[in-house]
K.L.:
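Got a structure for you, questions after.
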Amino acid sequence: MSKTSQQNTTTDANGVSVIHTPAHTSGLQQVPQLVPVSPGGGGKAVPPSKQGKKNSFVDRNSDEYRQRRERNNMAVKKSRLKSKQKAQDTLQRVNQLKEENERLEAKIKLLTKELSVLKDLFLEHAHSFADNVQPVGTESTTTNPEGSGQ
């Protein structure tokens, strides 16, 4: 099997060379290889937002420029107000949660004390009950005065 060394090289808009080689006879699809144009390895990638824009001189006195600046200034003010409001809301929520946490901690202390008191009461009652009950083996048995029968 011999490979043909035909190659077509094209350069796209981003300055990247693409080498196209003919597909193999086995039916596999050929994938293009990307090769940088400069030997140093290419340059900075251009963000998609800047690709469509041209670097033309902008007349700062034009109505279009002033309208765009006005819209941008309004958007910036709106964004900053929204950010400030969000920070205030977060701070308010933090304060509410701190107060709730303090209330819950106080409730835990109160319930812990109540549990301790109830435990002590129960143990005291259980000891006094145990002292009044005689053990099963030492109980005195009473005889039936009528005799033993039925």
K.L.:
Would you say that more than 12 heavy atoms from the other residues, nucleotides or ligands in this model lie under 6.0 Å from the CD of E114, or not?
P.N.:
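12 or below, so no.
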K.L.:
Could you report the tightest heavy-atom contact between R60 and R66, atom names first, then the distance?
P.N.:
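For R60 versus R66, the nearest heavy atoms are O-NE, 4.2 Å.
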K.L.:
Take atom CG of D63 as the centre, draw a 6.0 Å sphere, and report whether it contains more than 12 heavy atoms from other residues, nucleotides or ligands.
P.N.:
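It does not: D63 CG has 12 such atoms or fewer within range.
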K.L.:
Out of curiosity, L115 CG to D120 CG, how far, rounded to the nearest 0.5 Å?
P.N.:
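One finds 9.5 Å between CG of L115 and CG of D120.
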K.L.:
Got a second to check how far Y65's OH is from E70's CD, nearest 0.5 Å?
P.N.:
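Between atom OH of Y65 and atom CD of E70 there are 12.0 Å.
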K.L.:
Between T112 (side chain only) and I108 (backbone N and O only), is there a donor and an acceptor less than 3.5 Å apart?
P.N.:
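Between the backbone of I108 and the side chain of T112 there is a qualifying donor-acceptor contact (under 3.5 Å).
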K.L.:
Could you grab the distance from atom NE2 of H127 to atom CD of E124, nearest 0.5 Å is fine?
P.N.:
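Going from the NE2 atom of H127 to the CD atom of E124 covers 9.0 Å.
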K.L.:
Tell me, yes or no, whether the heavy-atom count around Q88 atom CD, taken from other residues, nucleotides or ligands under 6.0 Å, exceeds 12.
P.N.:
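Check passes, neighbour count above 12.
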K.L.:
Out of curiosity, Q92 CD to L97 CG, how far, rounded to the nearest 0.5 Å?
P.N.:
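It is 11.0 Å, given to the nearest 0.5 Å.
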K.L.:
Has T90 got a side-chain atom pairing as donor or acceptor with K86's backbone, closer than 3.5 angstrom?
P.N.:
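Indeed, once roles are kept as given, a pair shorter than 3.5 Å links the two residues.
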K.L.:
Connecting only ILVMFWY residues whose side-chain heavy atoms lie within less than 4.5 Å of each other, what is the rest of L81's hydrophobic cluster?
P.N.:
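Grouped by the 4.5 Å side-chain rule, L81 forms a cluster of one, so the answer is none.
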K.L.:
Members other than V76 in its cluster, when Ile, Leu, Val, Met, Phe, Trp, Tyr link by side-chain heavy atoms under 4.5 Å?
P.N.:
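Under the 4.5 Å side-chain rule, V76 groups with nothing.
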K.L.:
Within the 3.5 Å criterion, strictly below it, is a donor on D89 or Q85 matched to an acceptor on the partner's side chain?
P.N.:
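Judged by distance alone, the side chains do pair up.
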K.L.:
With side chain to side chain contact (heavy atoms under 4.5 Å, CB included) as the test, pick out the partner of E100 among Q96, R103, E102.
P.N.:
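Checked Q96, R103, E102 against E100; only one passes side chain to side chain contact (heavy atoms under 4.5 Å, CB included): R103.
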K.L.:
First locate atom CG of L123, then atom OG of S128, and finally report the distance between them rounded to the nearest 0.5 Å.
P.N.:
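Reported to 0.5 Å precision, the distance equals 11.0 Å.
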